[in-house]
Amino acid sequence: MTENSPAEQQDEATHQAPSTVNRRHVIAAGGAVAAAAGLGLAATASATPETSAAAAAARPTRPTRSASASATATATASSGVCSLTAEVTEGPYALEGALIRTDITESKSGVPVKYTFTVVDEDNSCAPLEGALVEIWHADTLGEYSGFVGGNGHSETDDGTFLRGGQITDSNGQVSITSIWPGHYVSRAVHVHMRVHTDVTLTDDSYTGGSIIHTGQLFFDSTINTKVQALSPYSSNTTKETALADDTVYDDGGASSGLLTLTALGSSVSSGYAATLTVGVSSS
């Protein structure tokens, strides 16, 4: 097995949540709210911190789920109330001042993904949260982020905005954002970053102020992802790919840990997918 270069090791360490991180808890919508939104239930996840500094040299211990937490998840889901889950690191590629737009693709080619997120508020009986900014960003097919092109080994034009942006939730707590399926890069499984803001002030095409009440990451079914990464232009990315099962952030929690529900938009993989998720937050 080829050993990662120092740069690759540093990149992997950057994405790992340190053992001292203070995790804010958010919720994934249960029974009635998820059904009303046409989405699946999210179970309770009880995340443990990443382990020792020595583990950083190897693959860190993944968050585990206790028997009591699993029992609580079952009871919570059946009663249709909110269940708690933990936030994750935003990673090193965040930028401030995202563009407010429905399509963040710009000129990037790739398999289309039409995201629909429903944000619900645990502090208001899981009611839809209207007027919140849902922001996402992710890598292109070569694993490069706008504003940081070259960080994952490729040279291309960098305008600082491609595959970044957000929308304001409507009265149903929903936003729809069009993009492409992300590419891969060393040390992380394919993923999308997300932040939910409240009390922002909109400008002509962006925002100012407000508070971030949720920071998370979104993940894709591994079987479908394998098919996507085999297509052009993804196949021209020859960097090592990390499987979802080996990711240092995803904790096997399904929807409550950011696993998207995918629905094919056509008869072929290249036609793209609709991706949905209910995102529960604590607005206070």
Side-chain angles (χ1 to χ4, degrees), residues 1-5 8-19 21 23 28 40-52 54-67 69-70 73 83 85-93 110-111 113 115 136 138-139 141-143 145 152 180-194 215-231 234-235 237-264 269 273 275-277 279:
M1 180 179 296
T2 302
E3 185 176 353
N4 286 354
S5 67
E8 292 169 346
Q9 294 169 356
Q10 181 180 10
D11 181 68
E12 181 172 2
T14 304
H15 285 83
Q16 298 166 8
S19 59
V21 68
R23 294 174 180 269
L41 283 174
T44 299
S46 177
T48 59
E50 303 295 324
T51 52
S52 64
R59 187 177 177 280
T61 300
R62 305 182 76 189
T64 57
R65 210 176 289 260
S66 67
S70 298
S83 54
T85 188
E87 291 192 337
V88 300
T89 175
E90 73 177 13
Y93 299 116
V111 172
V113 180
Y115 297 95
I136 64 172
H138 62 81
T141 59
L142 292 178
Y145 286 84
N152 290 309
I180 61 170
W181 196 287
H184 67 269
Y185 58 93
V186 172
S187 81
R188 288 299 315 282
V190 170
H191 62 283
V192 172
H193 297 267
M194 170 185 278
T215 301
Q217 294 186 25
L218 313 175
F219 300 93
F220 298 82
D221 176 85
S222 58
T223 300
I224 299 175
N225 179 64
T226 296
K227 296 176 181 178
V228 171
Q229 300 298 319
L231 298 176
Y234 299 89
S235 56
N237 181 1
T238 58
T239 57
K240 181 181 177 181
E241 182 175 0
T242 298
L244 182 61
D246 297 323
D247 190 69
T248 57
V249 173
Y250 181 66
D251 68 356
D252 297 318
S256 64
S257 298
L259 187 66
L260 296 160
T261 296
L262 301 173
T263 304
V269 174
Y273 292 85
T276 59
L277 188 70
V279 182

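The first residue in the sequence is number 1, and the count goes up from there.
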Atom of [X], atom of [Y] and distance for their closest heavy-atom approach:
X	Y	result
S257	G253	OG-CA, 3.1 Å
V113	I180	CG2-C, 3.8 Å
E90	H193	O-ND1, 2.9 Å
S187	T248	O-OG1, 4.4 Å
A230	S235	O-CB, 3.6 Å
G110	T141	CA-CG2, 4.2 Å

As an exercise, state the distance from [atom1] of [X] to [atom2] of [Y], rounded to the nearest 0.5 Å.
X	Y	atom1	atom2	answer
D221	T223	CG	OG1	5.0 Å
L231	T226	CG	OG1	11.0 Å
E241	D246	CD	CG	10.5 Å

Is there a donor-acceptor pair under 3.5 Å between the side chain of [X] and the backbone N or O of [Y]?
X	Y	answer
Y93	A139	no
Y250	G254	yes
H184	T242	no
Y273	I224	no
E87	T215	yes

Measure the shortest side-chain to side-chain distance between [X] and [Y] over non-hydrogen atoms and say whether it is less than 4.5 angstrom.
X	Y	result
P182	V192	yes
N237	Y185	no
M194	V279	yes
L277	L218	yes
F220	V228	no

*Do Y234 and V190 pass the side-chain contact (heavy atoms from CB on, under 4.5 Å) test, and can you show the C-alpha distance, the side-chain angles, and the key distance before you say yes or no?*
CA-CA 12 Å; Y234 299 89; V190 170; over 6 Å; no
*Evaluation steps, side-chain contact (heavy atoms from CB on, under 4.5 Å), between F219 and V249*: CA-CA 10 Å; F219 300 93; V249 173; 4.1 Å; yes
